[in-house]
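Report on one structure; see the data block that follows.
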Amino acid sequence: MTTTEWITDIALILVVFRQLREGRLDLKSFLIPLGIVAFVVRTYLDGVPTAGNDLVLVGALMGVGAVLGVAGGVYTRVRALGGDILVKAGAVSAALWVLGMGARMGFQLWVEHGGGADDVARFSVAHHITGDQAWVAAFVLMALTEVVTRLATIFLRSRLVPREQPAPAANHLLARP
């Protein structure tokens with residue numbers, strides 16, 4: 001793994017840890033993870049192979065990403081306070097995020113340094129997966145899907161949170177008709 005890959009993978013994992021402390025949901029809450037994953041997509045996704053069962057692999061990992069993303073968004077606390085929407089990732093949300101983002105990193109380490117290359121090659125041949133680019137596309141799109149579905153879930157939940165109404169002015173009670 002290159003230094004850029006390590007930094008990117010760690011940055012994606014740290015995104016959710018930033019939310020372990022409750023904070024205001026704002027544009028930055030969406031732009032930072034989307035920016036990181038956009039960088040990953042632009043850097044590593046050269047295309048999506050469509051031969052053999054490549055699309056099945058891509059679709060399966062995108063499905064995993066969607067499940068992890070929605071579940072992570074559901075297990076993030078969203079509440080209103082003083083006109084702001086606050087979010088806090090819980091332990092389940094953090095664990096799901098690390099599982100999804102860490103899976104790609106773990107897979108890559110296993111293939112490059114843990115002796116998994118031959119196993120992946122045999123699996124790929126047996127299941128008609130055409131090569132490395134199919135695996136890259138599948139894991140990159142899994143990460144993209146997890147980020148987008150988690151953020152979309154949090155956004156939708158934030159729209160459903162009852163907003164606090166300002167307290168009525170007390171001086172109308174004192175006014176004489």
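Since we're looking at a predicted model, the values are computed, not measured.
- Hydrophobic clustering of Ile, Leu, Val, Met, Phe, Trp and Tyr side chains at less than 4.5 Å, counting indirect connections, unites V140 with M105.
- Applying the salt bridge (charged side-chain N to carboxylate O under 4.0 Å, His left out) criterion to D132, with sequence neighbours excluded, gives no partner residue.
- Counting heavy atoms from C-beta on, the side chains of L81 and R79 come closer than 4.5 Å.
- By the criterion of side-chain heavy atoms lying less than 4.5 angstrom apart, applied directly or through intervening Ile, Leu, Val, Met, Phe, Trp or Tyr residues, V74 is not grouped with V67; the two fall into different hydrophobic clusters.
- The OG atom of S158 sits 11.0 Å away from the CG atom of L86 when rounded to the nearest 0.5 Å.
- Using a 4.5 Å cut-off on side-chain heavy atoms (C-beta onward), R77 and V87 make no contact.
- T153 and V70 get closest at one heavy-atom pair: OG1-CA, 3.6 Å.
- Of all non-hydrogen atoms in P162 and A80, the two that sit nearest each other are O-CB, 3.5 Å.
- Note that CD1 of I154 and CZ of R150 are 3.5 Å apart. Values are rounded to the nearest 0.5 Å.
- Expressed to the nearest 0.5 Å, how far CZ of R157 lies from CD1 of I85 amounts to 10.5 Å.
- With rounding to the nearest 0.5 angstrom, the CZ atom of R42 is 12.0 Å from the CG atom of L45.
- Here the CG-CZ distance, from L27 to R24, works out to 10.0 Å after rounding to the nearest 0.5 Å.
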Name every donor-acceptor pair, under 3.5 Å, that has one atom in a side chain of residues 91-101 and the other anywhere in the protein, sequence neighbours excluded.
residue, atom, partner, partner atom, Å
S93, OG, G72, O, 2.9
S93, OG, T76, OG1, 3.1
W97, NE1, L12, O, 2.4

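- The side-chain heavy atoms of L144 and L141, taken from C-beta on, include a pair separated by under 4.5 Å.
- Tracing side-chain contacts under 4.5 Å through hydrophobic residues (I, L, V, M, F, W, Y), one reaches V148 starting from I32; they form part of the same cluster.
- The same ILVMFWY cluster, assembled from side-chain heavy atoms under 4.5 Å apart, contains both Y75 and L68.
- The line from CZ of F107 to CG of L61 is 8.5 Å long, rounded to the nearest 0.5 Å.
- Note: the hydrophobic cluster containing V147 also contains M62 (ILVMFWY, side chain heavy atoms under 4.5 Å, direct or indirect links).
- Inter-residue side-chain proximity for P33 and L151 is flagged as met; some heavy-atom pair is nearer than 4.5 Å.
- Taking 4.5 Å as the limit, every side-chain heavy atom of H113 sits out of range of all side-chain heavy atoms of Q108.
- Between W135 and V111 there is no side-chain heavy-atom pair separated by less than 4.5 Å.
- Looking at D54, its side chain does come within 3.5 Å of a backbone N or O of T130 through a donor-acceptor pair.
- Ring pair F155/F30 is perpendicular by interplanar angle, where above 60° counts as perpendicular and below 30° as parallel.
- Under a 3.5 Å cut-off, the side chain of N53 and the backbone N or O of V56 do not form any donor-acceptor pair.
- The list of side-chain hydrogen bond (donor to acceptor under 3.5 Å, both in side chains) pairs with a residue in residues 63-73, not counting sequence neighbours, is empty.
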